Every structure is written in C-alpha cells, then in structure tokens.
*Asks:* 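After the structure tokens below, expect a handful of questions from me.
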Amino acid sequence: MGKNAFDVALEQLAEATEYMKLESEIYEIMKEPMAQLTVRIPVRMDNGKVEIFTGFRFQHNTALGPTRGGTRFHSEETKEDVKALSLWMTLKNALNEIPNGGAKGGVIVDSQKLSQGELERLCRGYIRKIAPIIGAWKDFPGADIGTSSQTQSWMLDEWEAMNMHHEAGGISGKMMVLGGSEGRPEATSRGLLFATREVVRARKLEIKGLTAVVQGFGKVGWHLAKLYQRDGIQVLAVSDVDTAIFDPKGLDILDVNAYVERSGTLKGYPKAIEIGNVELLELECDILAPCAVQNVITEENAPRIKAQFLIEGANGPTTPEAEKILIDKGVFIAPDIWANSGGTQVAHFERIQNLNDNNWSEEEVNAKLERINHKVFNEIYALHTEKNISMRLACWIKAISKVVEAMKARGWV
Ligand code: NAD
C-alpha cells in the first residue's frame with residue numbers, strides 16, 4: 001500500500017522542523033491534532049431504514065486562535081486524511097495571516113448517492129454530534145470536497161436552532177442570504193489564478209497563450225478552468241472522478257460546464273477526446289493544476305509529467321518523492337498551503353463580515369485576497385531563492401515559525 005496523506009504530512013513536518021533545528025517537542029506537539037472527535041451519525045433514509053455514518057472533527061492546534069477548516073463528504077475519507085488536512089490547515093492559516101488554528105472534518109459517505117432529504121438530515125445529524133466542540137469562538141467548519149453552500153446553510157440552520165440564537169460566524173461557505181461572502185464560490189480558484197500569475201511572472205513568461213490541464217472539475221477545478229480561459233490560457237483537458245476529456249486545440253470551458261450541469265458528469269461530453277485520469281496528468285502542457293484529491297503525483301508518474309508549472313489546487317496532491325523528481329526537472333511548484341488558500345482566506349473574510357454585520361463587495365474581497373496572496377508570495381519566494389530551498393519548505397518554515405511563536409507566547413513550549 002502506498003503512503004497516505006498523513007504519512008506525507010509527517011515527512012513534510014519532520015523535514016521542516018529538522019531544517020529549522022527546532023526542539024523535538026515542537027514536532028511532538030504538531031504531529032497530531034490536539035483534539036479528535038469521531039462520531040456516529042444515524043440518518044433515516046428515504047426507504048425508512050436507518051443508516052449509520054461515521055464522521056470526524058479534528059482540531060489540530062489552537063495557539064493562533066479558534067480553529068477553522070472544511071468538511072469533506074467523501075466515500076474514501078479516513079482518519080489519517082483528516083489528521084493530515086487539519087495539520088495543513090494550521091499551516092495554511094499561519095502562512096496566510098489568518099488568526100486561526102487548523103481543523104478539518106469529514107464524513108465517510110458518497111454524497112452523490114444521497115437524495116436531497118437524506119443529505120440534509122446527514123448535515124444536521126453531523127452538526128448535532130460535533131456541536132460540543134464547534135462555534136464562532138471555538139471552531140468553524142467550512143466547505144470542502146462533497147459539500148456546498150447548501151450543505152453549509154443546513155449546517156448553520158441546525159447550529160443556530162440548537163443554540164437558540166443567530167451565529168452566522170459559526171459556519172462558513174453558506175449562501176449569501178444567510179451571511180455568505182461575495183466572491184466565496186470562486187475564491188479558491190481565484191487565489192490559484194493569482195498564484196499562477198505570480199509563478200509565471202517569476203519565470204519571466206506571459207500568461208496569455210500558455211496551456212493548462214486541470215484535474216478535478218468540482219468547485220475548485222471548474223472555476224479555475226474558467227478563470228484560466230478568461231486570462232487567455234488554453235485549457236486542454238479537465239477531468240472528474242468518472243473520466244477525463246481532452247482537446248489539443250483547447251476546450252470551451254463554459255460549454256463543458258453546461259454539459260456537466262445537464263448530465264452530472266463529464267462522461268459522454270461529445271466535443272472532446274475521452275482519456276484516463278492517469279493519462280491526463282502526463283499531457284504536454286505548461287500548467288498542471290491537480291484540483292481533485294491527495295497523492296495523485298507520485299514517484300511513479302512524476303518522471304512523465306511534462307508541465308513546467310505545478311499549481312496545487314488540491315491539498316497534498318504531490319508526494320515528497322515526486323516533488324524531488326519534479327524540482328530536478330525544473331518544474332516550478334506553487335505549494336498547496338499558499339496556492340489554494342483563497343477559499344480559507346475568503347472564509348475568514350466571511351467571518352469578519354458576520355461578526356460585524358457587514359457586507360463587502362466582490363471587488364473588495366478579490367482585491368484583499370490578491371494583496372495577501374502577493375505579499376505571501378514575495379516572502380516565500382525570497383526565502384526560496386535566498387536559502388536555495390523548495391517553495392514548499394519556504395512555506396512551511398514561515399508557517400511553523402508563526403505557530404511556534406504563538407505556542408511560546410502561551411508557555412506551551
Ligand atoms: P468537489 O467535491 O467540488 O470536486 C472534486 C472533484 O474531484 C470532482 O470533479 C470529483 O469528480 C473529482 N474527484 C473526486 N475523487 C477523485 C479521484 N479519486 N480521482 C480524480 N478525480 C476525483 O471538491 P473541491 O471543493 O473542488 O475540492 C477539490 C480539492 O481542492 C480537494 O483536495 C480540496 O481539499 C481542495 N481544496 C478545496 C477548497 C474549497 O474551497 N472547496 C479549498 C482549498 C482546497
């Protein structure tokens with residue numbers, strides 16, 4: 001069996017803490033979430049029977065503030081994945097100047113197979129079970145794989161009903177009418193676009209006319225492919241869990257999305273060649289953006305990857321072995337905890353607006369996001385070039401330093 005996301009996260013943590021020559025207690029405290037809640041959620045299905053789902057909510061580190069992180073509804077969700085994702089969230093928040101610790105939630109379920117009623121009951125059941133540890137000043141769940149502004153709105157409604165008062169800041173990624181933020185649906189992808197512009201500029205290239213391949217056509221992948229096309233990048237291929245589609249002359253992303261909205265899948269899209277998800281990653285292109293799941297770029301396929309930029313939309317798409325191979329080949333990697341932080345950043349903006357009963361315009365949200373993305377890029381790029389270390393290690397050093405500073409201030413270490 002290959003490595004899981006947690007194995008990868010621990011290797012990355014060990015590499016960074018050793019490079020920084022930190023006391024071993026820092027590694028010890030950061031290697032596991034500080035709180036781990038596993039729950040069993042009974043849900044009445046439409047056929048009258050009760051099914052029990054397993055869910056998790058893990059809070060990794062609270063030194064920088066209350067925790068935040070998305071909820072995944074995925075059939076292959078595991079404790080190890082949730083642990084890794086919660087650690088990455090701590091670092092993502094610290095790196096991107098968000099005053100929060102990291103958390104992550106998950107439920108083992110294929111949400112596509114549930115009816116809307118079953119999905120709503122699962123969301124409400126999940127919130128009831130994790131209620132003791134969440135809230136606007138403790139831990140606020142956001143969206144991730146398999147969740148949407150509708151699931152987030154049901155979760156908020158359940159949370160508020162339980163508390164008998166409104167608390168929009170308790171759940172992020174909800175619909176606009178309940179206190180969602182302008183710009184949230186596209187935020188992760190917009191951040192990835194900003195990241196792409198930065199790395200392309202650093203290589204002294206023009207964005208217009210480059211070619212891209214995007215794995216995953218969900219919330220992150222679809223918006224990214226659309227924004228890429230708007231920026232003059234030719235999107236050659238996209239994929240979902242069922243299939244991948246390819247057109248060497250470039251896909252019409254709006255047309256592809258219209259097809260997916262009608263049929264629920266990329267399978268059968270008539271105006272492109274159908275290829276495999278594995279083949280997709282190895283296509284000739286300038287930009288490769290994995291926006292699906294973790295550990296898709298490994299030492300096995302890394303030698304065959306032809307892109308010159310790897311933009312990590314997914315969390316943990318690249319194993320450490322694969323990363324070394326790609327760096328040797330000259331691939332410029334935009335690491336996940338910086339590149340895909342737009343969603344977390346705007347979820348943070350959403351909470352600020354909620355706590356102040358305020359609404360920012362989409363222009364304001366996007367401008368703030370771009371400013372932070374650019375500032376963080378300058379910091380990590382400087383560290384990367386001055387110390388001759390990978391972009392990922394530069395990100396981890398900056399993030400860990402901040403968490404350690406907060407833990408020291410609290411007297412934890
Ligand atoms: P989503 O559920 O909206 O979309 C996921 C996409 O990946 C779908 O097209 C799905 O068919 C495809 N997919 C699922 N399993 C796959 C597999 N085994 N192989 C290939 N494709 C597969 O999820 P999303 O919100 O777009 O999240 C995608 C990735 O981006 C995840 O790694 C997530 O953690 C990360 N991410 C999401 C956000 C966010 O704001 N939603 C923020 C940061 C990072």
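We're numbering straight along the sequence, starting at 1. One-based numbering, in listed order, for ligands and for the atoms of each. Please read these numbers as outputs of a predicted model, since none were measured by experiment.
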*Asks:* Ignoring angles and geometry beyond distance, decide whether Asn315 reaches within less than 3.5 Å of ligand 1 through its nitrogen or oxygen atoms.
*Replies:* yes

*Asks:* Can you report which non-hydrogen protein atom sits closest to atom 2 (O) of ligand 1, along with the distance?
*Replies:* Gly146 N, 3.0 Å

*Asks:* Where is the nearest protein heavy atom to atom 5 (C) of ligand 1: which residue, which atom, and how far?
*Replies:* Gly218 CA, 4.2 Å

*Asks:* For atom 18 (N) of ligand 1, what is the closest protein heavy atom, and at what distance to 0.1 Å?
*Replies:* Val293 CG2, 3.7 Å

*Asks:* Please answer whether the main-chain N or O of Leu369 pairs with a side-chain N or O of Gln345 as donor and acceptor at a distance below 3.5 Å.
*Replies:* no

*Asks:* Examine the proximity of ligand 1 to Glu186 and report which part, side chain or backbone, both or neither, has a heavy atom under 4.0 Å away.
*Replies:* neither

*Asks:* May I ask whether Arg184 has any heavy atom positioned less than 4.0 angstrom from an atom of ligand 1?
*Replies:* yes

*Asks:* Among all protein heavy atoms, pick the one closest to atom 12 (C) of ligand 1 and tell me residue, atom and distance.
*Replies:* Val241 N, 3.8 Å

*Asks:* If you count the atoms of ligand 1 from 1 in the order shown, which ones are under 4.0 Å from a heavy atom of Arg72?
*Replies:* 31 (C), 32 (O), 33 (C), 34 (O)

*Asks:* Tell me whether Leu85 has any N or O atom under 3.5 angstrom from an N or O of ligand 1.
*Replies:* no

*Asks:* Does ligand 1 have a heavy atom under 4.0 Å from the side chain of His74, from its backbone, from both, or from neither?
*Replies:* side chain

*Asks:* I'd like the name of whichever of Val220, Asp81, Val214 reaches closest to atom 24 (P) of ligand 1 through any heavy atom.
*Replies:* Val220

*Asks:* N/O of Gly221 under 3.5 Å from N/O of ligand 1, yes or no?
*Replies:* no

*Asks:* With heavy-atom distances below 4.5 Å as the criterion, would you say the side chains of Thr38 and Lys79 are in contact?
*Replies:* yes

*Asks:* Which protein non-hydrogen atom lies closest to atom 3 (O) of ligand 1, naming both residue and atom, and how far is it?
*Replies:* Lys219 N, 2.9 Å

*Asks:* Can you tell if the side chain of Thr196 reaches within under 4.5 Å of the side chain of Phe309, non-hydrogen atoms only?
*Replies:* no

*Asks:* Hey, which atoms in ligand 1 end up nearer than 4.0 Å to a heavy atom of Asn340?
*Replies:* 43 (C), 44 (C)

*Asks:* Which is closest to atom 7 (O) of ligand 1 in terms of heavy atoms, Gly313, Gly70, Ala292?
*Replies:* Ala292

*Asks:* Given Thr344, Leu192, Asn277, which has its nearest heavy atom closest to atom 20 (C) of ligand 1?
*Replies:* Asn277

*Asks:* Return a yes/no value for Cys291: is any of its N or O atoms, backbone included, closer than 3.5 angstrom to an N or O of ligand 1?
*Replies:* no

*Asks:* Apply side-chain contact (heavy atoms from CB on, under 4.5 Å) to Leu281 and Val213, showing your working.
*Replies:* CA-CA 7 Å; Leu281 297 169; Val213 164; 6.0 Å; no

*Asks:* Would you check if the side chain of Asn354 reaches a backbone N or O of Gly179 as a donor-acceptor pair within less than 3.5 Å?
*Replies:* yes

*Asks:* Show which atoms of ligand 1 fall inside a sub-4.0 Å distance from at least one heavy-atom site of Phe217.
*Replies:* 9 (O)

*Asks:* Just so I know, are the side chains of Val293 and Asp81 near enough to count as touching, which here means a heavy-atom distance under 4.5 Å?
*Replies:* no

*Asks:* Would Arg40 pass as a cation-pi partner of Phe53, given that its NZ or CZ must be under 6.0 Å from the six-membered ring centre and within 45 degrees of the axis?
*Replies:* no

*Asks:* Flag this pair as yes if the NZ/CZ of Arg351 is under 6.0 angstrom from the six-membered ring centre of Trp137 and inside a 45 degree cone about the axis; otherwise no.
*Replies:* yes

*Asks:* Could you measure the distance from the CZ atom of Phe140 to the CD atom of Glu167? Nearest 0.5 Å is fine.
*Replies:* 10.0 Å

*Asks:* Heavy-atom distances under 4.0 Å are what count here, so tell me which part of Thr188 touches ligand 1: side chain, backbone, both or neither.
*Replies:* side chain

*Asks:* With rounding to the nearest 0.5 angstrom, report the CD1 to CZ distance, Ile98 to Phe349.
*Replies:* 7.5 Å

*Asks:* Would you mind telling me if ligand 1 is within reach of the side chain of Val296, the backbone, both or neither, using heavy atoms under 4.0 Å?
*Replies:* neither

*Asks:* How far is atom 27 (O) of ligand 1 from its nearest protein heavy atom, and which residue and atom name does that atom have?
*Replies:* Ile145 CG1, 3.6 Å

*Asks:* Can you confirm whether or not the ring centre of Phe377 sits under 6.0 Å from the ring centre of His374?
*Replies:* no

*Asks:* Taking the six-membered ring of Phe6, is the NZ or CZ of Lys83 close enough (under 6.0 Å from the centre) and on axis enough (within 45°)?
*Replies:* yes

*Asks:* Examine Lys226 relative to Trp222 and say whether NZ or CZ is less than 6.0 Å from the centre of the six-membered ring and inside a 45° cone about the ring axis.
*Replies:* yes

*Asks:* Using a strict cut-off of less than 4.0 Å between a Lys/Arg side-chain nitrogen and an Asp/Glu carboxylate oxygen, indicate whether Lys104 and Asp144 qualify as a salt bridge.
*Replies:* yes

*Asks:* Just jot down the ligand 1 atoms closer than 4.0 angstrom to any heavy atom of Asp144, in number order.
*Replies:* 25 (O), 33 (C), 34 (O)

*Asks:* In ligand 1, which numbered atoms sit nearer than 4.0 Å to a non-hydrogen atom of Ala314?
*Replies:* 29 (C), 30 (O), 32 (O), 35 (C)

